[in-house]
Amino acid sequence: MNRFYELESDFFDPQLITLSGQAFRFKNLDDNHTELVAFGKYLQIAKTAKNTYLFSCSEDEFEKIWKDYFDLDRDYRKIYESIDKDDSYLKAAADFGYGIRILKQDIWETYISYIISQRRSIPSITTSVDRLSRLCGNKITAPKLPDPFIEASAKEYYSFPCPKAVAALTLKEIEETGVGYRAQYIYEAAQKFASGELDPDKLKKADDSFLYDLLLSQFGIGKKVANCIMLFAFHRLGRFPIDVWMERIVNTYYKGEFDTDRYPDTAGIMQQFMFYYERNR
DNA sequence: GGCCAGGCCTCGC
DNA sequence: GCGAGGCATGGC
């Protein structure tokens, strides 16, 4: 079975990552199988034993793509243990979300996905991302995988389209993916990414405050979306996006303000625990 | 069929 | 600088 890569980890739960809402192209097939599309590839992860997972890719691909994508070099257990013992809500949330990691997603894909996300439900965001991918992404044929993998949920998948492919669409075509008034935001973003005016490789080198201000200055991007892009794509783990769910949590359990200074480098992970807990418990 | 969704823009002060 | 109103469409 060395065609596939086996991972042992005591802090990795792809099922929870699917449900954590940070990515829109994950699907839990059953209790032990999760599939996803990222970086133009289809991946299935099978849980084969406690803390043991089989990835439907070679070791080489795992090392090049997925290890970094799932942030597997970071010690999340240590972060989990750093949680304030007196913070019973956060402790409960982290126990509930034990195994959630923050993905390092593609910057452009995350940028567009979170523009789409504003004032929409997660299922609805997923639909639009899927439609946009089908419209101008590349076809990916689902691989036939042996046991312990199971059949993919579809015969073909589509990669998230590159900036140039989206930039070639008309505003009307973008609207037809169901994104409504956000189409103009996407249209403008695509032009900027396609022309190189917004360059992910350059942006990666920017410090937090510069990057945040730059994102905020973009059409269609406010505080919440900027922080999500920084957390889920740029992997700035200190960012703490506040949406309607987080606002409810902070108001209910933290008297209106969560002290992010307590977790300067990991507040975003705490945010993800809370968000998942509140939505799924 | 009505209500709300991982918010942001514009306008008026 | 800040609060209120408006907003396209999809899911439940």
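Below, chain A is the first sequence line, B the second, and so on; all start at residue 1.
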Only stems of 3 or more consecutive Watson-Crick or G-U pairs count here, both distances under 3.5 Å; name the ones for DNA chain B, or none.
B:2-5 with C:9-12, B:7-13 with C:1-7
Aromatic plane relationship, A:F160 with A:W108 - under 30° parallel, 30 to 60° tilted, over 60° perpendicular
perpendicular
Which part of the nucleic acid, if any, lies within contact of A:F232, taking any heavy atom under 4.0 Å across all strands shown: a base, the sugar-phosphate backbone alone, or nothing?
base
Going by salt bridge (charged side-chain N to carboxylate O under 4.0 Å, His left out), name the residues that satisfy it together with A:R131, two or more places apart in sequence or in a different chain.
none
Kindly point out which of B:dC8, C:dG11, B:dG6 is positioned nearest to the side chain of A:Q272?
B:dG6
Between A:E278 and A:Y89: side-chain donor-acceptor atoms closer than 3.5 Å
yes
With the side chain counted from C-beta on, respond yes when A:L198 and A:I107 share a heavy-atom pair under 4.5 Å apart, and no when they do not.
no
Let me know the distance between CZ of A:F240 and C1' of B:dG6, rounded to the nearest Å.
13 Å
Let's see if you get this right: which residues in residues 165-185 of chain A place a heavy atom under 4.0 Å from DNA chain C?
A:G178, A:G180, A:Y181, A:R182
Provide, to the nearest angstrom, the distance between the CZ atom belonging to A:F26 and the P atom belonging to B:dG6.
18 Å
Rounding to the closest angstrom, what is the interatomic distance between B:dA5 and C:dG6 at atom C1'?
16 Å
For A:I125 and for A:L216, find the nucleotide of DNA chain B with the closest heavy atom, then tell me which residue's nucleotide is more 5'.
A:I125
Over how many whole Å does the gap from A:D243 atom CG to B:dG6 atom C1' extend?
4 Å
Closest approach to the side chain of A:T127, judged atom by atom: which nucleotide of B:dT10, B:dC8, C:dG11 is it?
C:dG11
Side chains of A:Y254 and A:D87: do they bring a donor and an acceptor to under 3.5 Å?
yes
Would you kindly give the NZ-to-C1' distance between A:K224 and B:dC9, to the nearest whole Å?
17 Å
Under 4.0 Å: is that the gap between some side-chain N or O of A:R119 and OP1 or OP2 of C:dC7?
no
Taking any heavy-atom pair under 4.0 Å as a contact, classify A:Q218: base, sugar-phosphate, or nothing.
sugar-phosphate
Separation of A:Q22 atom CD from B:dG6 atom P, in whole Å?
15 Å
Assess the side chains of A:Y42 and A:R25: does a donor N or O sit below 3.5 Å from an acceptor N or O?
no
Which label fits A:F55 and A:F12: parallel for a plane angle under 30°, tilted from 30 to 60°, or perpendicular past 60°?
parallel
Just to be sure I understand the rule, does A:T126 reach a base, reach only the sugar-phosphate, or reach nothing, if contact means heavy atoms closer than 4.0 Å?
nothing
Taking CD1 from A:I112 and P from B:dG7, how many angstroms apart are they, rounded to a whole number?
17 Å
Under 3.5 Å, is there a donor on one side chain and an acceptor on the other for A:K192 and A:Q218?
yes
Evaluate whether atom CZ of A:F210 has more than 12 neighbouring non-hydrogen atoms of other residues, nucleotides or ligands under 6.0 angstrom away.
no
With rounding to the closest Å, how many angstrom separate the P atoms on C:dG10 and B:dC9?
22 Å
May I have the distance from A:D130 (atom CG) to C:dG10 (atom C1'), rounded to whole angstrom?
14 Å
Report the nucleotide, chosen from B:dG7, B:dA5, B:dG6, that has the shortest atom-to-atom distance to any side-chain atom of A:Q118.
B:dG7
Determine the contact category for A:I221: base if any of its heavy atoms lies under 4.0 Å from a base atom, sugar-phosphate if only primed atoms, P, OP1 or OP2 are that close, otherwise nothing.
sugar-phosphate
Compare the aromatic ring of A:F275 with the six-membered base ring of B:dG6 and state whether they stack according to the 5.5 Å and 30° rule.
yes
What's A:G220 touching, base or sugar-phosphate or nothing? Going by heavy atoms closer than 4.0 Å.
sugar-phosphate
Quantified in whole Å, what is the P atom distance between nucleotide B:dG6 and nucleotide C:dA4?
23 Å
Check the distance between B:dG6's P and A:R248's CZ and give it to me in whole angstrom.
9 Å
Side-chain atoms of A:V225 come closest, of B:dT10, B:dC8, B:dG6, to B:dC8
Please check if any side-chain donor atom of A:H33 sits under 3.5 Å from a side-chain acceptor atom of A:N28, or the reverse.
no
Between B:dC3 and C:dC7, how far apart are the C1' atoms? Round to whole Å, please.
15 Å
Can you confirm whether the side chains of A:S153 and A:E35 place a donor and an acceptor under 3.5 Å from each other?
yes
